[in-house]
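First up is the structure itself, then whatever we jot down about it.
Order of the sequence lines sets the chain letters (A, B, ...), proteins ahead of strands, with each chain counted from 1.
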2 protein chains.
Amino acid sequence: MDAKKQQILLAERPTGTPDKNTFKFVETDVKQPENGEVLIRTLFVSVDPYMRGRMVDAPSYIPPFELHAVIEGGVIGEVVESKSHQLEKGDIVIGGYGWQTYYTAKATEVRKIDKDLAPVSTHLGILGITGLTAYFGLLDIGKPKEGETVVISGAAGAVGSAAGQIAKIKGARVVGIAGSDEKNQYLKEKLQFDETINYKTTSNMKAAIEKACPNGVDVYFDNVGGEISDAVHAYVNKFARIVVCGAISSYNLEGEDIGPRVQTTLIKKSALMQGFTLGDFSDRFSEGSAALAAWLQEGKLTYEETIKEGFEQIPDAFLDLFKGNNIGKLLVKVAEQ
Amino acid sequence: MDAKKQQILLAERPTGTPDKNTFKFVETDVKQPENGEVLIRTLFVSVDPYMRGRMVDAPSYIPPFELHAVIEGGVIGEVVESKSHQLEKGDIVIGGYGWQTYYTAKATEVRKIDKDLAPVSTHLGILGITGLTAYFGLLDIGKPKEGETVVISGAAGAVGSAAGQIAKIKGARVVGIAGSDEKNQYLKEKLQFDETINYKTTSNMKAAIEKACPNGVDVYFDNVGGEISDAVHAYVNKFARIVVCGAISSYNLEGEDIGPRVQTTLIKKSALMQGFTLGDFSDRFSEGSAALAAWLQEGKLTYEETIKEGFEQIPDAFLDLFKGNNIGKLLVKVAEQ
C-alpha cells in the first residue's frame, strides 16, 4: 500500500466565490493504525453547499474549518488495515474525516454501513446527509398534507429532489424550481413532479409561480433564498410553512443579502418560516434512514448522482455546486471499491 | 334620546400615512330597534394599528373596509333600548360595529360583558383584543422558558406591555424597546422590565441589543418590523422564536419594505419566525380571557390606557398610533356610562 497520502487543506478563507487559492494540495505520510484504530482508504468524497459556511470564521451552527487543516466532510471509505475488534479489513465505513486519500481513524470515529442495501455512495446522499435533510425538513417543519401544493427551490439538487419525492409520497402536488430544461425534464419525467419552473429562462418569477400554483403555496421547501424565494413568498397561503433549508444564492455574496422584508406576509398569512440544520434531528437519524431505505427498496424514491472521478477534482466539484449545473448528489470518486 | 347619530366613513383609501381626507363625518337617523334587536349607545371606541391594513383594498386576513361605509372596529356600548330577551337596558356590551355614536344591533351581534370584573374599557384592551393577542402570540408561538431572554418591540404599546408582563410571569428576563424615556421609565418601574432601549435616542441598535441581551435573544415578540427588528435578528440564539405580531414601521410605507433577508440567520440558528393574527385562536378566547382576568385580579398584570375624549377625536387618535406617542391601549371615550 501507499506510504503517502494526499490531502486538501483550507489555504485561505474565501471572500465571495472560493477559487483555486482557497485550497492547497499536500502530500503527507500515512500513519499506521495502532490498537483500536483502522486505516481507511477513501472511496467517495461528498461536496455540499453547507461547507461554504465553514470556510469563513463566523459564528454558525458548526465551528469553522481550521486554516491550513484538512477540509472536513462526509466520506465513504474501505478498511484496508484493522487493529480494532469492531471493524475488519474490507468493511465499508462512513466518516467525516474529509478531503484526504487515506485516514487513520479510531474505530469509534466511523460507522460501518451495509454495503448490500444500496450502492455505498448512497450513504452520502439519499440515505445520508441529503436524504435525511429532506426527510426531517419537509416532514417535521413543512408537514405537507394530501392535496396541498409544495414548492421546492433547488429542486434538482440532492436535497430538493428527495424533498419533492417525499412530498409526492405524502400526496401533495409538487412544483419544482430549477435552472435548466434538462433538470426540469428529469423532475417531471423521472420524479413525477407536477409542474416545474426554469428560473433562468423565466423573466417574471411571480407570474410563473402564480401560474404553476393556482391554489397558492402551502409548503415552500427553500434551498436557495434570494429573489426566487421573494417571488414564492408572495403566493403563500394562510398557515403556510416555509422550510428554510438553504440559501445558496447568498453564500458567496460579498455584500449584505437585501430583499423585501417578510414580516407583513407572515402576519397576513399566519405563516411560519423556520430554519434548521440536520444536527437538530440527530436523535432520530435511524428513523429517517429506515424510512428512506424502505421507500428506496419499494421503488417510491429514486436519486441521481453526479460523480466526478479523481481526488484532484474535489475543489472543482465543490465549486460546481454554486454554478447550479449538477443534478442530484455531487460526489467525487477517489478510488475503486 | 337623540334621533340622529354621528358616523365616520372611509372617504378614500390612503396611500402612505392616512390624513383628514381619509375620513368623512356624517349624521344619519337612528334606526329604532325591531324584535330581537337592541339600540346601543357607544361609550368607548378602540383604535388599533391593524385597521390601517383594512383601509387598502389588498388581500389580507380580513376583508378591507368598504369605501363610504362606517369604519368597523371594537366598541363598548350601553344598551339604551331592548327588543330582545337576551339583553336589557343598562347592559354593557362589546361589538365590532365601529365608529358611530349609536348602533342598532341584533342581540346576537354583540356580547354582554361583566361590568364588575374591571373597568369596562379593559374589554377593548387587556381583557380583549390586545391582551389576547399578547397572550396567544407570546405563549403559543414564543413559548418563553424560565430564565430565557425575551425582547419586545413596541413594548409600551397595548400588546407589547401585556406580552412583556406575561413573559415576566413565566420567569423570563424581559427587554423592552420603546420610543421615549418616559415609556421606558414606565416599563422598568411599573412593569418591572429588566432592561429597556430607547430606539429614538440610540444611534447603534445592534450594539444596544448586544448590551441589553448578554445571553442573546431567545424570544422576540415583534410589533414593529423594520430596522429595529433587523438589529434584534442579529442576536437571536439557537432555536429562537420570533413572534411576528405587527410591523407598524411598514404600514404607511409607500414603497417596498426592504431590508436584510432573514434566511441565513434562520438556518444558522435553527430559528422560527411565525406570523399570526388573533383570529387564529378564536376557539380559545375564553381560556385567554380567563387567564388574563385572573392575573389582573392577582395584581400580576397591570395596564395603561390613553383615553381621548369625544367622538370627533377618533381620526386623530387613530393617527396618533403611528406617531408612537401613546402608552398602553389607545381609546376614545364617546359618552359617559
Flag yes if more than 12 heavy atoms outside Glu66(A) fall under 6.0 Å of its CD atom; otherwise flag no.
no

Tell me, for Ala271(A) versus chain B, whether the close heavy atoms (under 4.5 Å) come from the side chain, the backbone, both or neither.
backbone

When the 4.5 angstrom heavy-atom criterion is applied to Val262(A) and chain B, the contacting part is side chain

For chain A, the option from Arg241(B), Glu256(B), Gln263(B) that forms the most heavy-atom pairs under 4.5 Å
Gln263(B)

Heavy-atom pairs under 4.5 Å with chain A: which of Gly259(B), Gly225(B), Gly226(B) has the most?
Gly259(B)

Check this for me: Lys200(A), atom NZ, are more than 12 non-hydrogen atoms of other residues, nucleotides or ligands nearer than 6.0 Å?
yes

Among Ile258(B), Thr264(B), Asp230(B), who wins on heavy-atom pairs under 4.5 Å with chain A?
Ile258(B)

Any side-chain heavy atom of Asp280(B) within less than 4.5 Å of one from Lys238(A)?
yes

In this structure, OG of Ser229(B) is separated from CZ of Arg261(A) (nearest 0.5 Å) by 8.0 Å

Nearest 0.5 Å, please: how far is CG in Asp222(B) from CD1 in Ile267(A)?
7.5 Å

Ala163(A): side-chain contact (heavy atoms from CB on, under 4.5 Å) partners, not counting sequence neighbours:
Ala134(A), Ile152(A), Phe221(A)

Nearest 0.5 Å, please: how far is CE in Met273(B) from CG in Leu266(A)?
5.5 Å

First locate atom CD of Gln274(B), then atom CZ of Phe239(A), and finally report the distance between them rounded to the nearest 0.5 Å.
9.5 Å

